[in-house]
Number of protein chains: 2
Amino acid sequence: MSTKKLRRYTKQRRLVHDAIINRTDHPTAKEIFNELKPSGIGIATVYRQLAAMVEDGILATVDYDSETRYDPLTSPHAHIVCSVCNRISDIELPRDVNDLAPENLGFEVNEIELTWKGICNNCQ
Amino acid sequence: MSTKKLRRYTKQRRLVHDAIINRTDHPTAKEIFNELKPSGIGIATVYRQLAAMVEDGILATVDYDSETRYDPLTSPHAHIVCSVCNRISDIELPRDVNDLAPENLGFEVNEIELTWKGICNNCQ
DNA sequence: TTTGTTATTGATAACCAATATCATTAAATT
DNA sequence: AATTTAATGATATTGGTTATCAATAACAAA
């Protein structure tokens, strides 16, 4: 059924992959583009490759401040966002959060999105 | 300190206020605009009045699918979003969700955002 | 290796939600 | 009624993202 789409191993695919795969700071497409600019890559390609990686389950997306950010951590987890430095950090999802699912409404849960907003240690 | 900004009671303010204040379906600015179109209101004014109501604490915002949606329920609560019909519903925030705060990291929590994504009763 | 097929690329136009600009209008105050 | 100035409506602009398309390059076949 869900056969993974065949991807060509282009130079650009490797560039984007290597630029994001070990990041924990949830960069935007623009940020990745700026870092890869010296290679001559086009910004549309950066958007395309990031979208492809999301489609392939290699990246997750985090929407924040009207921008899509990318996260190589795809297993379920929560985020904490500092409203001062705008840093987004991954954090363990509370185990009991699954027990809190709204099953009573007959809602079939596929995904949980949990974000704590506030001020981080550094910015206080 | 935080003196509430003085607002003039314009016809447009009343229109936007009355259009959103009892809604539970989290409409976008465009949707409100379309409903009020016959009145001759401008879309910029709809955006401005909604922003003013958010500033005054009368509305909360919900970002979904690259659009800002507005919610007259401003007390802390969670959302469930159906990926089929795209309906966003308010739901009670689990009582013990505050206990799950990442205090151990020295993070000062101001706001919790909790959304369940899945398929609602109707769409299954 | 050469050829052929076609996904991918880079440049850029287009899209769309949201905001900024600005002359005009109309609340609120005097 | 006159004055002040916030608010309005039309619309230009912004900024993130996607669509378009001719050229290129990855992969397969010969």
(request) Mind calculating the distance between CG (B:N34) and P (C:dC16) to the nearest angstrom? (result) 14 Å

(request) Could you state the atom-to-atom distance from NZ of A:K11 to P of D:dC27 in whole Å? (result) 15 Å

(message) If the threshold is 4.0 Å, N to carboxylate O, is there a salt bridge linking B:D56 and B:K5?
(response) no

(request) Tell me whether A:V62 is reachable from A:V16 by hopping between hydrophobic residues (I, L, V, M, F, W, Y) whose side-chain heavy atoms are closer than 4.5 Å. (result) no

(request) Specify the residue among B:R69 and A:L6 whose closest nucleotide of DNA chain C lies further upstream toward the 5′ end. (result) A:L6

(message) Regarding B:R7, tell me which of base, sugar-phosphate or nothing describes its non-hydrogen contacts under 4.0 Å with the strands shown.
(response) sugar-phosphate

(message) Please report the distance, rounded to the nearest Å, between CD in B:E55 and P in D:dA6.
(response) 14 Å

(message) Is B:Q12 close enough to D:dG9 that one of its side-chain N or O atoms is under 4.0 Å from OP1 or OP2 there?
(response) yes

(request) Determine: side-chain N/O of B:S66 to OP1/OP2 of C:dA17, distance under 4.0 Å, yes or no. (result) no

(request) Starting at atom CG of A:L50, determine the distance to atom P of C:dT8, rounded to an integer number of angstrom. (result) 15 Å

(message) Quick check on DNA chain D: between B:T10 and B:A44, whose nearest nucleotide comes earlier from the 5' end?
(response) B:T10

(message) I need the NZ-P distance between B:K5 and D:dA6, as an integer number of Å.
(response) 9 Å

(request) For A:E67 and D:dT14, give me the distance from atom CD to atom P, rounded to whole Å. (result) 17 Å

(request) Examine C:dT8: is either OP1 or OP2 under 4.0 Å from a nitrogen or oxygen in the side chain of A:Q49? Give yes or no. (result) no

(request) Let me know the distance between CZ of A:R13 and P of D:dA26, rounded to the nearest Å. (result) 14 Å

(request) Could you state the atom-to-atom distance from CZ of A:R48 to C1' of D:dT24 in whole Å? (result) 12 Å

(message) For D:dT17 and A:Y47 - does any side-chain N or O of the residue sit under 4.0 Å from the phosphate oxygens OP1/OP2?
(response) yes

(message) Using only atom types and a distance under 3.5 Å, with no angle test, would you say the side chain of B:R14 pairs donor to acceptor with the backbone of B:Y9?
(response) yes

(message) Under 4.0 Å, counting only non-hydrogen atoms across every strand here, what does A:T68 touch: a base, just sugar-phosphate, or nothing?
(response) sugar-phosphate

(request) Answer with yes or no whether B:R8 presents, from its side chain, a donor or acceptor under 3.5 Å of a partner atom in the base of D:dA6. (result) yes

(request) Find which nucleotide of DNA chain C each of B:Y9 and B:K30 is nearest to by heavy atoms, and output the residue with the more 5' nucleotide. (result) B:K30

(message) Between B:E31 and B:R23, does any side-chain N to carboxylate O distance fall below 4.0 Å?
(response) no

(request) Please check if B:I91 and B:V81 belong to a single hydrophobic cluster, counting links between Ile, Leu, Val, Met, Phe, Trp and Tyr side chain heavy atoms closer than 4.5 Å. (result) no

